[in-house]
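First comes the structure, then the notes that go with it.
Side chains are part of it too, since the values below use all heavy atoms of this structure and drop only hydrogens, waters and symmetry mates. This one's a predicted model, so the numbers in the text were calculated from it and none came from an experiment.
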Amino acid sequence: MHAPSSPAAISISGLTKTYASGLTALNDINLDIRPGEIFALLGPNGAGKTTLINLICGIVKPGTGSVLINGHDIQAEYRTTRSLIGLVPQELSTDAFETVWDTVRFSRGLFGKPPNPAYIEKTLRALSLWDKRKSKIKELSGGMKRRVLIAKALSHEPKILFLDEPTAGVDVELRRDMWEMVRKLRADGVTIILTTHYIEEAEDMADRIGVILKGKIILVEEKAALMAKLGKKQLSLQLQVKLDALPPELDGTGIALSADGHELVYTFDAHADDTGIAALLKRLGDLGIDFKDLQTRQSSLEDIFVSLVHAQ
Amino acid sequence: MNVYGIRAIYRFEMARMFRTLLQSLVTPVLTTSLYFIVFGSAIGSRMTEIDGVAYAAFIVPGLIMLSLLTESIFNASFGIYMPKFSGTVYELLSAPLSPLEIIIGYVGAAATKSLILGVVILVTARLFVPFEIEHPFVMLAFLVLTALSFCLFGFAIGVWADGFERLQIIPMMIVMPLTFLGGSFYSISMLPEFWQKVSLFNPVVYLVNGFRWSFFGVADVAVGVSLGITIGFMALCIAIIWWMFRTGYKLKS
């Protein structure tokens, strides 16, 4: 999991966090996040994603183990590490009576940065908030409030950005804008760690995927490698004539008959030298099984995620 | 030191005061004016002097203290409780701020509001009652120390509170009775001997009397003792808040 070529933006070693209730939310986490990458952390509810983010940011009490941000310890050098981090939290927590401009300016100051109205203007414009800068936050829609939280997180020009389910409850247009902005940030060298329930977003955006389950990281992989390694392809053949049962000659070939008898489904490894498709089609021809259409489908990241979680 | 961070908190809190000017300033001034009208003018005119001071003037320090204590606790507790209530405390906890800087920001702003209020009430009182301040620097010292001490106390209450009811319970159930029984409206020498002794366990007695001494040069307890008790109370509040941050009590899970 360690990138040998460049120092990690975040380096987590042996991190365990147990709450006062006795719940172990994080269990011996070891993980390196590379500078400038988009890292998607996936996991079901209660897996420990938010606890991990909150611990790194200083919102929950530290556990055992260590976390380094650009080589700085989050406890001993908390001023340095926190000034490098921006956080967009899961909840829409805002100061209802503040204006958009004031709350973003407040965040910048809080993180120890001198006033920079030009930078705040640029950020608000990038998030389509400029026209709303004098509006009180309570007057904004949920999507706009989410944008405000992103503007606040970016107000101090962080080098590392945590996005904890940033698109939850956000409409399609805003979601698209948001990911566009994330790409721009990545192009500027910002390291981005996101959690999301929309796995297709991780599939679309991330460079690497981490899966956390019951407080343990069960997998960290390059997205492309993960898709290649765990991704399966399926060939579906729509039959000319319905079959009542799979002919015994096809037993052991890996092919299955759909419940309605109209379709044969063959699952294969797309990266294998011999996928077995040619032999299968020949065999079907020999058996006089004709098909009127065929299609292939590659398993999505969601399929991979679900199978991984179920396998644990 | 994160000076920009302290300034951000301070400005945020002061802006809240100006947003709620009616509640922050006008209401306490109106309430205190009513006290002066009822106790100072209506009832006071029929009362004899206490320790050589006209009753209407005698209650001025006590009334200022009453407002100062109440508002200091309210301002500081509300200031830190609201981010906890709204969830925006995440930003405070994740910012590169030390506990001291957070306290300077919140308590500094709350104390500023209290001092503004104290001065406004003092000026208002002067409109109703003629009086001189014998020791203005001592008066200022007591004003600042009391505002700081009770803002620290309020801050601790704000951290401790996990509901609006709890936010009110200590100011209403403990501080208000102690203030009324702390000699704001009377000299404790007017009480039966037993209750005089009981009163000496009330810390507000020392605040009110120290403050009164700075006005008129008379008090039920020595000014040095008053000053010592006030500083001791402040040290206790600092110790409590230090413990809260060190353990993450009601701030971090």
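- Distance CG/A/Leu92 to OG1/B/Thr88: 12.5 Å, rounded to 0.5 Å.
- Taking each heavy atom of B/Lys252 and A/Lys61 in turn, the nearest pair found is O-CE, 3.4 Å.
- Nearest heavy atom pair, residue A/Phe111 against residue B/Ser94, reads CE2-O, 3.4 Å.
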So B/Arg19 and A/Phe97, side-chain contact (heavy atoms from CB on, under 4.5 Å) or not? Walk me through it. CA-CA 9 Å; B/Arg19 271 204 308 270; A/Phe97 300 102; 3.9 Å; yes
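- Contact count versus chain B (heavy atoms, under 4.5 Å) is highest, among A/Ser107, A/Gly112, A/Pro115, for A/Gly112.
- Atom OH of residue B/Tyr90 and atom CG of residue A/Leu149 lie 5.0 Å apart, to the nearest 0.5 angstrom.
- The candidate from B/Ala8, B/Gly105, B/Ala95 with the greatest count of non-hydrogen atom pairs under 4.5 Å with chain A is B/Ala95.
- Residue A/Arg105 touches chain B through its side chain alone, counting heavy-atom pairs closer than 4.5 Å.
- Atom NZ of B/Lys250 has more than 12 neighbouring heavy atoms from other residues, nucleotides or ligands inside a 6.0 Å radius.
- Only the backbone of B/Thr247 has a heavy atom closer than 4.5 Å to any heavy atom of chain A.
- Residue-environment remark: CZ (B/Phe245) exceeds the threshold of 12 foreign heavy atoms within 6.0 Å.
- If you take CD1 on A/Ile137 and OG on B/Ser86, they are separated by 10.0 Å, rounding to the nearest 0.5 Å.
- Residue with the most contacts toward chain A among B/Ala15, B/Pro83, B/Ser253, B/Gly87: B/Ser253 (heavy-atom pairs, distance under 4.5 Å).
- Within the 4.5 angstrom heavy-atom criterion, no atom of B/Arg16 approaches chain A.
- Here the straight-line distance linking atom CZ of B/Arg7 with atom CZ of A/Phe106 works out to 13.0 Å at 0.5 Å rounding.
- At a 4.5 Å heavy-atom cutoff, the contact between B/Leu92 and chain A is made by backbone and side-chain atoms alike.
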Carefully, step by step, assess A/Arg108 and B/Tyr4 under the rule side-chain contact (heavy atoms from CB on, under 4.5 Å). CA-CA 8 Å; A/Arg108 184 177 171 83; B/Tyr4 290 115; over 6 Å; no
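- At a heavy-atom cut-off of under 4.5 Å, chain B is reached by A/Arg82, A/Ser83, A/Leu87, A/Pro89 from residues 80-91 of chain A, listed in order of number.
- To the nearest 0.5 Å, atoms OG (A/Ser93) and NZ (B/Lys84) are separated by 14.5 Å.
- Few gaps surround CE on B/Met1; more than 12 heavy atoms of other groups in view lie less than 6.0 Å from it.
- For the options A/Thr94, A/Thr51, A/Asp95, heavy-atom pairs under 4.5 Å to chain B are most numerous at A/Asp95.
- Residues B/Asn2 and A/Gly109 approach most closely at OD1-O, 3.9 Å, considering heavy atoms.
- Distance check: A/Arg79 CZ to B/Glu101 CD gives 4.0 Å after rounding to the nearest 0.5 Å.
- Looking at A/Lys113, only its backbone comes within 4.5 Å of chain B, counting heavy atoms on both sides.
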